[in-house]
Amino acid sequence: MSSSTRVAAPLLSNSWHNETALIGLVLAVFWLYLAADLATLSMGLDGVIYATIAKLGAAGEGSFWFPPYFDLDIEWFSDSPPLGVWLQSQWFILLGDSFWVEKTFCMLMAVVIAALMVTLCREIAPDRPAWWSLAIFFAMPVASHALKNNSLESMVTVAALFAVWAAWHGRNKLWMNVLVAAGCLAGVLIKGPVGLFPLAAPALFAWMIDASPRKAILVTAVSLGCLVAAMFAILSFDMAEASIGHYLKTQLLASLAGTRHIDHGRVYQLGQLLNNVAVAGIFICVAWLSSRKFHFSRTSWAFLGLGLAASLPLLISPRQYKHYLLPCLPFFAIWANIVVSPYLARWSSKYIWAVTAFVLMFASGRTYWHFGATGKDADQLSDVAAIAAAVASADVPVDYVEFCTARYPRRAYLARHHGLRTSSTPNEVTSTTPPGYVVCATNQPDEQLVRVLDLNDELALWFRPGVK
């Protein structure tokens, strides 16, 4: 080992040690910001659904390829491939089914994403601070929204970052591109084709950084070939073929055709993308104002390309939600970090640990203060608690609750927190056997139904005594 290498190694180690304090501070501030959301029972609808499926799966219901569902009108959960909800079910097996289990899973995903981003940044540019990438990423509005609401995209982001890390090393170690395929396969089995975008990483790195079209073809062939072989191997099993085929037909193709319900379209999603990338732009502007210069390197262009490869193909679908963007955001953040980190001030860690401890104390206090509160969905949660209490006190056994309107948030919360499955029979409420409970509008939907209690949003719980 040369003398310069011996000197550089401890300096680099010391730099990383100092930066650890700043990384801890960013994570602590992020926790403080989300503490109230992570401590309450409320969560986005998709996250509640995934947690409910994971809870049922942890109890032994369903199977890997055919996850159980709380809606009795649906045979199994097929909105997404099964790996994501299966992984979360393992977390439920480990920790039980309390409301905070999915919340800690959200925190775990945030920490794993942060660790992968820092690892990638340090290997790309060992002499530059990596913590700016986390500051940029967590400042993006979609990052906090998706991570706190238990989105499947958080797991896709983990798989994508792993695949890109493998692609970075695959420039010099060909076999590492097998791991690129593994990361892409995991992403596909969690959320579908959106998990494929890291396949662009080997070619982007070889072409834009190494200026080697031949290498680009080779590494892409290895990663793509391994992925295709793995997909064919999985689809050779009948259950896998049936599950994935059903997902492709009823979800993916239906979304692309525009036959599924559309809340937001392409223009909305493009606006969300620009809104989040603007955060990275602000950091670049600050770097320019502080030094009057910045430099776009080949590596920065490659990561910008990855961010675009992860985001722009989403616009093919007419059905959009902002949390779909989460997997692309770390790569825009890493791109901005490469550009700005040489020009932004290097902060000393002398007092950072003390500040971090102070922030962690407030984050813990805020979590304790809000722990177990209902949160933003207080009305819906109070309704499902009242419904569950009425059903529990019934003189006749009741296996499920019938809804004459969709009301998916209430139905998901009813299953997640009270273990009650539901069915939906819009505009077909009749007094037939078996007896049971029905949630409908406050006006009497059937003369033989008996009103039990009034709920929020002009709903009421009715009892159907059955035909004698």
Side-chain angles (χ1 to χ4, degrees), residues 34-64 66-72 74 76-113 144-159 189-191 251 321 323-324 326 367 370-385 387-388 400-401 403 406-422:
L34 294 184
D37 293 304
L38 292 173
T40 60
L41 275 67
S42 296
M43 196 163 60
L45 174 59
D46 285 359
V48 179
I49 290 174
Y50 303 144
T52 303
I53 296 167
K55 174 186 173 182
L56 295 173
E61 298 189 35
S63 65
F64 177 84
F66 302 103
Y69 204 46
F70 64 87
D71 187 340
L72 296 174
I74 298 175
W76 76 85
F77 174 73
S78 60
D79 281 10
S80 300
L83 180 59
V85 291
W86 180 84
L87 287 172
Q88 191 163 140
S89 73
Q90 305 311 298
W91 191 249
F92 273 73
I93 290 173
L94 181 65
L95 297 180
D97 62 0
S98 298
F99 85 92
W100 50 263
V101 174
E102 59 264 36
K103 305 289 188 166
T104 56
F105 191 81
C106 295
M107 295 174 66
L108 175 67
M109 290 298 102
V111 171
V112 173
I113 289 170
S144 58
H145 169 78
L147 288 170
K148 74 180 181 182
N149 282 313
N150 193 32
S151 70
L152 290 180
E153 282 72 16
S154 62
M155 286 179 272
V156 175
T157 305
V158 170
L189 291 178
I190 292 168
K191 192 63 179 179
Q251 303 300 323
Y321 294 96
H323 58 268
Y324 292 174
L326 182 66
T367 300
H370 292 279
F371 191 80
T374 51
K376 64 182 179 62
D377 293 336
D379 288 349
Q380 298 172 24
L381 286 161
S382 80
D383 282 352
V384 300
I387 293 169
Y400 66 96
V401 177
F403 279 68
R407 305 293 176 178
Y408 257 95
R410 282 176 174 79
R411 297 172 66 188
Y413 278 132
L414 196 59
R416 172 63 187 96
H417 298 301
H418 303 284
L420 279 173
R421 280 187 161 92
T422 57

| said: Using the salt bridge (Lys or Arg N to Asp or Glu O under 4.0 Å) criterion, which residues pair with Arg421? Sequence neighbours excluded. | reply: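 Testing Arg421 for salt bridge (Lys or Arg N to Asp or Glu O under 4.0 Å), a comparison that skips the adjacent residues, returns Glu61.
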| Contacts of type salt bridge (Lys or Arg N to Asp or Glu O under 4.0 Å), residue Asp71, not counting sequence neighbours | Arg411
Note, [X] side chain near [Y] side chain (heavy atom, < 4.5 Å):
X: Leu72; Y: Thr422; value: no
X: Ser154; Y: Leu147; value: yes
X: Pro67; Y: Phe64; value: no

| task | Kindly assign one of parallel, tilted or perpendicular to the pair Tyr69 and Tyr408, based on the angle between their ring planes and the thresholds 30° and 60°. | result | tilted
On a heavy-atom basis, which atom in [X] and which in [Y] lie closest, and how many Å separate them?
X: Leu41; Y: His417; result: O-NE2, 4.0 Å
X: Ser144; Y: Leu34; result: CB-CD2, 4.0 Å
X: Gly84; Y: Met155; result: O-CE, 3.5 Å
X: Ser151; Y: Leu326; result: OG-CD2, 4.3 Å
X: Phe70; Y: Ala415; result: CB-CB, 3.4 Å

| message | Going by salt bridge (charged side-chain N to carboxylate O under 4.0 Å, His left out), name the pairs with one or both residues in residues 148-159, residues two or more places apart or in two chains. | response | Asp37-Lys148, Glu153-Lys191
| What residue pairs, at least two apart or across chains, pass side chain to side chain donor-acceptor pair (under 3.5 Å) with a residue in residues 84-93? |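 Sorted pair list: Gln88-Asn150, Trp91-Thr104.
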Could you list the residues that satisfy side-chain contact (heavy atoms from CB on, under 4.5 Å) with [X], not counting sequence neighbours?
X: Ser98; result: Trp100, Val101
X: Val112; result: Leu108, Leu116, Val158
X: Thr374; result: Ala378, Leu381

| query | Just by distance, do the side chain of Thr40 and the backbone of Gly375 share a donor-acceptor pair under 3.5 Å? | reply | no
| task | Take Phe66 and Ser78 through the side chain to side chain contact (heavy atoms under 4.5 Å, CB included) test and state the conclusion after the steps. | result | CA-CA 8 Å; Phe66 302 103; Ser78 60; over 6 Å; no
| note | Across all chains, not counting sequence neighbours, the side-chain hydrogen bond (donor to acceptor under 3.5 Å, both in side chains) partners of Asp79 are Gln251
| Non-neighbouring partners of Thr367 that pass side-chain hydrogen bond (donor to acceptor under 3.5 Å, both in side chains), sequence neighbours left out | Trp31
Enter the distance from [X]:[atom1] to [Y]:[atom2] here, rounded to the nearest 0.5 Å.
X: Arg407; Y: Tyr413; atom1: CZ; atom2: OH; answer: 15.0 Å
X: Leu83; Y: Ile190; atom1: CG; atom2: CD1; answer: 4.5 Å
X: Phe105; Y: Met109; atom1: CZ; atom2: CE; answer: 4.0 Å
X: Met43; Y: Lys376; atom1: CE; atom2: NZ; answer: 9.5 Å

| query | Considering residues at least two apart in sequence or located in another chain, which fulfil the ring pair (Phe, Tyr, Trp, His ring centres under 6.0 Å) criterion with Tyr321? | reply | His264, His323, Tyr324
| task | Kindly write out the residues that satisfy ring pair (Phe, Tyr, Trp, His ring centres under 6.0 Å) with His145, not counting sequence neighbours, or none if the list is empty. | result |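 Expected list: none.
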Could you pull out all donor-acceptor pairs under 3.5 Å where a side-chain atom in residues 45-60 meets a protein atom, sequence neighbours excluded?
| residue | atom | partner | partner atom | Å |
| --- | --- | --- | --- | --- |
| Thr52 | OG1 | Val48 | O | 2.8 |
| Lys55 | NZ | Arg416 | O | 2.9 |

